[in-house]
2 protein chains.
Amino acid sequence: MNTENTSVEQLISYFKNYFPLNSKERDELLVHFTERKIKRRGFILQQGDVCRHFTFVVSGCFKMYAVDKNGKEHNIQFAAENDWITDLASFYAEKPSQLYIEAIEPSVVLQIKHPDLLSLYINHHKFDRNFRIIIEQKFIALQNRVLQNISSTAEERYQSFLEQYPHISNRLPNTQIASYLGITPEFLSKIRKDLTQRT
Amino acid sequence: MNTENTSVEQLISYFKNYFPLNSKERDELLVHFTERKIKRRGFILQQGDVCRHFTFVVSGCFKMYAVDKNGKEHNIQFAAENDWITDLASFYAEKPSQLYIEAIEPSVVLQIKHPDLLSLYINHHKFDRNFRIIIEQKFIALQNRVLQNISSTAEERYQSFLEQYPHISNRLPNTQIASYLGITPEFLSKIRKDLTQRT
DNA sequence: CCTAAACCTTAAACTATATTAAGGGTATTT
DNA sequence: AAATACCCTTAATATAGTTTAAGGTTTAGG
C-alpha cells in the first residue's frame with residue numbers, strides 16, 4: 001500500500017466539502033502535491049527563509065509563530081488534520097518570512113510549490129473557487145478572533161478557545177495556549193484555578 | 001454626466017491592480033452593481049438583519065462594529081475609498097448578522113447582491129480569481145493585526161495603526177481609534193500625551 | 001450662526017495582567 | 001533507568017489598562 005496515495009485521498013476527500021474535484025483535477029493533486037513526514041520539533045518554515053510551499057496537514061499538529069525582540073514566541077495559528085498552514089505573505093510575494101512553522105507532534109503533510117499552485121489556478125477554475133472559499137472561511141474565523149481580542153478578558157478568550165477548538169486544545173500544553181491567547185503561562189494557570197474553584 | 005458611470009469606472013480601475021477586466025466583465029459590473037449614497041451615521045447593516053450586499057466604498061468612510069452585552073461598541077474594521085466592507089459570515093450563509101456597518105462620513109458605495117455575485121463567479125472565472133487574491137491580502141493584514149494584539153502594548157499598536165493607515169487615521173475621532181485598538185479613549189489620551197511629551 | 005451633542009483631557013482609585021522567583025511534576029532523550 | 005528539559009503552579013510585587021467623574025473644546029446640523 002502506497003502511503004502517498006492515502007494522503008492524497010484524504011485531500012480529495014477534504015475538497016468534497018467545497019466544489020468536489022473531477023478526475024482530471026484529482027490527477028493534478030497527485031502530480032503536484034508531495035508527501036513529507038515531519039518529526040516533532042521539526043520546522044517547515046524558519047524566519048528568513050522564503051515560504052516555498054502551501055501545506056496541507058494530513059496528520060499531526062503545527063504551530064505558526066513570530067519571535068519578538070525579547071526572544072518570546074507568539075503563536076499566530078495552530079493547524080491539525082485537514083487544515084492548511086502557510087505564511088501567505090511570504091509565499092505569494094516570495095519574500096523572506098518573519099515566521100516559524102514547527103511541528104508540535106510527529107506529522108504528515110502534503111505540500112505544493114508556488115509555481116505549481118499557480119498552474120493549478122490557471123488550468124483549473126475550480127481551485128481558484130475552492131481556495132477563495134477556504135480563505136473566506138479562515139478570514140471570518142480570524143475576524144472573530146480579532147473581535148475577541150479587542151473586547152474580551154483573557155478568561156473569556158480562554159473559554160471560547162476551549163469551546164471552539166476542543167480537538168486541538170486537549171493536545172496542546174498550556175504554555176502554547178497562553179502564547180496563542182496573548183497572555184503569560186502564569187496568568188493562564190491562575191485563570192484555570194479560578195475557573196475550577198468557581199465550579 | 002452620469003454619476004453611476006463614474007463610480008463603476010472607479011471600480012473598474014480598482015480591478016486593474018489585480019487581473020484587469022475585459023469589456024464583457026466590465027459590462028457585468030454595470031449591470032449588477034448599484035450605486036447608493038449614504039448619509040453620515042447611516043447604516044448599511046444592522047444587527048439582526050441579513051447582510052444582503054457586498055459593498056465597495058467609492059468615497060467616504062465606514063466602520064464595522066459589534067456591540068457587547070454592556071452596550072459598548074467594538075470596531076472590527078474601517079473602510080474608506082477603494083476598499084470592501086461586508087459581513088462575510090452573514091452574507092454567504094444568509095444568516096442574521098451580529099454586526100453593524102455605519103457611515104462615519106457622507107459616502108458613496110457600489111453594492112452587489114448575493115445571487116448576482118454568485119453569477120459573476122460562475123460566469124466569469126476572473127472574479128473568483130480576483131476576489132481570492134483580494135481576500136488573501138485582507139487575510140494577511142488581519143493576521144498581522146492578531147499578531148500585534150497578542151504581542152504588543154497599546155502604545156505600540158497605536159503607533160503602527162498611525163503608520164499603516166495614515167489616510168484613515170487623520171479622519172477618525174480618537175474614540176473610534178481607541179475602539180479599534182481595544183482600549184478606552186481615556187487611555188488613548190494618556191498614550192498620546194506620553195508620546196508628545198517624550199519628543 | 002447657535003446649540004446640543006460629541007469629543008478630548010486629566011487625575012485618582014481600582015482591576016487585570018506581567019514579572020520574578022521558587023519548587024515540584026511529567027515527559028523525552030540518552 | 002537516569003538525566004535533562006520542559007511544564008505547571010503559587011505567590012509577592014510591579015505595570016498596563018479601566019473606571020469614574022469632571023470640565024473644557026470642537027463639530028455637526030437645525
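What you see is a predicted model; the values in this text were computed from it and never measured. The figures that follow rest on heavy atoms only: side chains count, while hydrogens, waters and symmetry mates do not.
- Counting non-hydrogen atoms under 4.0 angstrom, B/Lys39 reaches nothing in the nucleic acid.
- In this structure, the CG atom of A/Asn70 is 14 Å from the P atom of C/dA18, given to the nearest Å.
- Distance CG (A/Asp194) to C1' (C/dT17): 12 Å, rounded to an integer number of Å.
- What separates CD of B/Glu105 from P of D/dG29 is a distance of 12 Å, to the nearest Å.
- Counting only heavy atoms from C-beta on, B/Ile183 has its side chain closest to D/dT18 among D/dT18, D/dT10, C/dC7.
- Considering only side-chain atoms of B/Thr153, the nucleotide from D/dG17, D/dC8, C/dA11 that sits closest is D/dG17.
- Per the geometry, CD belonging to A/Gln176 stands 9 Å off P belonging to D/dC8, to the nearest Å.
- With D/dA16, D/dT20, C/dC7 as the candidates, the nucleotide lying closest to the side chain of B/Glu186 is D/dT20.
- When distances run from any side-chain atom of B/Phe187 to the nucleotides D/dA16, D/dC7, C/dA16, the shortest one goes to D/dA16.
- For B/Arg40 and B/Lys190, each mapped to the nucleotide of DNA chain C holding its nearest heavy atom, the one lying further toward the 5' end belongs to B/Arg40.
- Candidate nucleotides D/dT10, C/dA18, C/dT28 were compared by shortest atom distance to the side chain of A/Thr184, and C/dA18 ranks first.
- Relative orientation of the A/Tyr165 and A/Phe161 rings is tilted, given thresholds of 30° and 60° on the angle between their planes.
- Using a 4.0 Å heavy-atom cutoff across all strands shown, A/Lys193 reaches sugar-phosphate atoms only and no base atom.
- D/dT18 atom C1' lies 12 Å from atom CD1 of B/Ile191, rounded to whole Å.
- Listed pair A/Thr175 / D/dC8 meets the phosphate criterion, a side-chain N or O lying under 4.0 Å from OP1 or OP2.
- A parallel orientation is assigned to the rings of A/Tyr65 and A/Tyr100, their planes being inclined by less than 30° (bins at 30° and 60°).
- Mapping B/Arg41 and B/Arg192 onto DNA chain C via the closest heavy atom, the residue that lands nearer the 5' end is B/Arg41.
- Rounded to an integer number of Å, the gap from CG of B/Leu188 to P of C/dC8 is 8 Å.
- In this structure, A/Arg129 does not pair ionically with A/Glu25, as no charged nitrogen and carboxylate oxygen lie closer than 4.0 Å.
- Protein atom CD of B/Glu73 is 13 Å distant from nucleotide atom C1' of C/dA6, rounded to whole Å.
- Counting only heavy atoms from C-beta on, B/Pro173 has its side chain closest to C/dC7 among C/dC7, D/dA21, D/dT18.
- Judged purely by distance below 3.5 Å, without hydrogens or angles, the side chains of A/Thr34 and A/Gln111 never pair a donor atom with an acceptor atom.
- Looking at heavy-atom distances under 4.0 Å, B/Glu155 makes no contact with the nucleic acid at all.
- The A/Asn174 side chain lies nearest to D/dC8 when the options are C/dT10, D/dC8, C/dA21.
- The B/Lys72 side chain lies nearest to D/dT19 when the options are D/dT10, C/dT17, D/dT19.
- One atom, CG of A/Asn149, and another, P of C/dA16, lie 18 Å apart when rounded to the nearest Å.
- Classification of the B/His124-B/Phe127 ring pair by plane angle, with boundaries at 30° and 60°, yields perpendicular.
- Aromatic ring pairs are classed by plane angle as parallel below 30°, tilted from 30° to 60° and perpendicular above 60°; the pair A/His125 and B/His125 is parallel.
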